[in-house]
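Worksheet for the structure shown next.
Numbers for residues simply follow the sequence, beginning at 1.
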Amino acid sequence: MQLLQTKKVKWTLLAVTWTFIFIILILPLILVVSQAFAHGWRAYLTTVSSLVTLQAINLTVAATLISIGFNLVFGVSAAWLIAFYDFPGKRLLNALIDLPFSVSPVIAGLIFILTFGRGGWLAPLFDAIHIQIVFAPPAIFLTTIFVTFPFVAREVISVLEAKGREEEQTAALLGANLSQIMRQITFPAIKTPLATGLVLATARALGEFGAVAVVSGNIRGKTLTLSLLVQTLYNDFKFNDAFAVATILLATTVLVVTLKRRVLRRQTGKV
């Protein structure tokens, strides 16, 4: 115990931690911001307000909002099902929810190409109704949903399983309907993990690169998200423009982290 309380150990750990944080996190962020403004505010504003950038922002926001909506419905539904019901395949469903955590985003993109791309299993169906999935926004929406759908479900499942079924079962026996049970019993218990899951899903959706890069085709003005636009500009040797667009993602990341900390602060009162 005395070893842990010595100033030498404390300052050594502080030095190691802050050195690592500075080299891996703070220094790169400083370089991104400095390069973004290397040619001045006017050049920066011209880049971030250009038509290509605005289209990338719109597509990124659309994919994020669609994935959040899906996460909200699927996450709560799956959590309710797994926590409160016993059924064949329950363990399999519980395991499959974690699949996007272990599957590479690039592999996920390839799966969607094999499913919806030319010659894919479902391609004839969508060709018949004249809907293009791959190399179009729908593919970006689908892959974003795929990589984000575990977040809400996993956060809420753990809380509902720890909470147990007794309160909901008692309310049902007393005549409460599903809407009343959800509104008065379940939602107050899951609102914090639900908010945490949605924040995490938002952060992942905003910055997703690997899966959308495979299915998007990198078509300017059509299938470029912000992360893909950064890569495209960088590959075109427009380094300052790439860093300027990257600051948009950086700003949204800071906002998301702030929201997550506020959610956790409400939950624990310590963060």
Value rounded to 0.5 Å, distance of [atom1] in [X] from [atom2] in [Y]:
X      : Y      : atom1 : atom2 : answer
Tyr44  : Phe243 : OH    : CZ    : 13.0 Å
Arg118 : Asp127 : CZ    : CG    : 7.0 Å
Asn177 : Arg183 : CG    : CZ    : 7.5 Å
Leu224 : Leu229 : CG    : CG    : 6.0 Å
Leu59  : Leu228 : CG    : CG    : 8.5 Å
Leu226 : Thr247 : CG    : OG1   : 9.5 Å

Practice prompt. Look at the aromatic rings of Phe146 and Phe149 and report parallel, tilted or perpendicular, splitting at 30° and 60°.
Written response: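 If you compare the ring of Phe146 with that of Phe149, the planes turn out perpendicular.
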Worksheet item: What is the ring orientation for Phe112 with Phe116, classed by angle as parallel under 30°, tilted 30 to 60°, or perpendicular over 60°?
Response: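 Parallel.
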Item to complete: Verify whether one side chain among Ser216 and Asn218 offers a donor that lies under 3.5 Å from an acceptor in the other.
Response: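 There is such a pair between these side chains.
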Discussion item. Side chains of Arg154 and Asn94: any donor to acceptor distance under 3.5 Å?
Written reply: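 Present: a donor and an acceptor within the cut-off.
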Count the heavy atoms of every other residue, nucleotide or ligand shown that sit under 6.0 Å from [atom1] of [X], and state whether that count exceeds 12.
X      : atom1 : result
Lys238 : NZ    : no
Phe101 : CZ    : yes
Phe87  : CZ    : yes

Looking at every non-hydrogen atom in both residues, tell me the closest pair between [X] and [Y] and how far apart they are.
X      : Y      : value
Ala139 : Val134 : CB-CA, 3.8 Å
Ile133 : Pro138 : CD1-CB, 3.9 Å
Asp86  : Lys90  : OD1-NZ, 3.3 Å
Ile140 : Ala63  : CG2-CB, 4.1 Å

Worksheet entry | Derivation of the side-chain contact (heavy atoms from CB on, under 4.5 Å) call for Ile57 and Ile248 | CA-CA 9 Å; Ile57 292 173; Ile248 301 175; 4.0 Å; yes
Discussion item. Against Asp241, only a single residue in Thr47, Thr232, Thr53 fulfils side chain to side chain donor-acceptor pair (under 3.5 Å); can you say which?
Written reply: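 So the option named by the test is Thr47.
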Do [X] and [Y] have side chains that approach each other closer than 4.5 Å (heavy atoms only, starting at C-beta)?
X      : Y      : value
Phe151 : Arg204 : yes
Gln35  : Phe239 : no
Ile23  : Leu27  : no
Thr144 : Thr64  : no
Leu250 : Val33  : yes
Lys191 : Val156 : no
Thr143 : Glu208 : no
Phe84  : Leu160 : yes

Item to complete: Pick out which of Leu194, Ile181, Val76 makes a side chain to side chain contact (heavy atoms under 4.5 Å, CB included) with Phe187.
Response: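 So the option named by the test is Leu194.
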Discussion item. Set out, in order, the CA-CA distance, both residues' side-chain angles and the distance that settles side-chain contact (heavy atoms from CB on, under 4.5 Å) for Thr253 and Leu206, then state yes or no.
Written reply: CA-CA 8 Å; Thr253 300; Leu206 288 170; over 6 Å; no
Practice prompt. Test side-chain contact (heavy atoms from CB on, under 4.5 Å) on Phe135 and Thr223 and set out the steps.
Written response: CA-CA 7 Å; Phe135 305 142; Thr223 62; 5.6 Å; no
Practice prompt. Run the ring-centre check on Trp18 versus Phe22 and record whether the distance is less than 6.0 Å.
Written response: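 No, too far apart.
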Discussion item. Check this for me, if you would: do Asp236 and Arg220 make a salt bridge, where the nitrogen-to-carboxylate-oxygen distance has to be below 4.0 angstrom?
Written reply: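 Result for this pair is yes, salt bridge flagged.
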Discussion item. With side-chain contact (heavy atoms from CB on, under 4.5 Å) as the criterion, how do Leu233 and Val52 come out once you've worked through the C-alpha distance, each side chain's angles and the decisive distance to 0.1 Å?
Written reply: CA-CA 11 Å; Leu233 292 172; Val52 173; over 6 Å; no
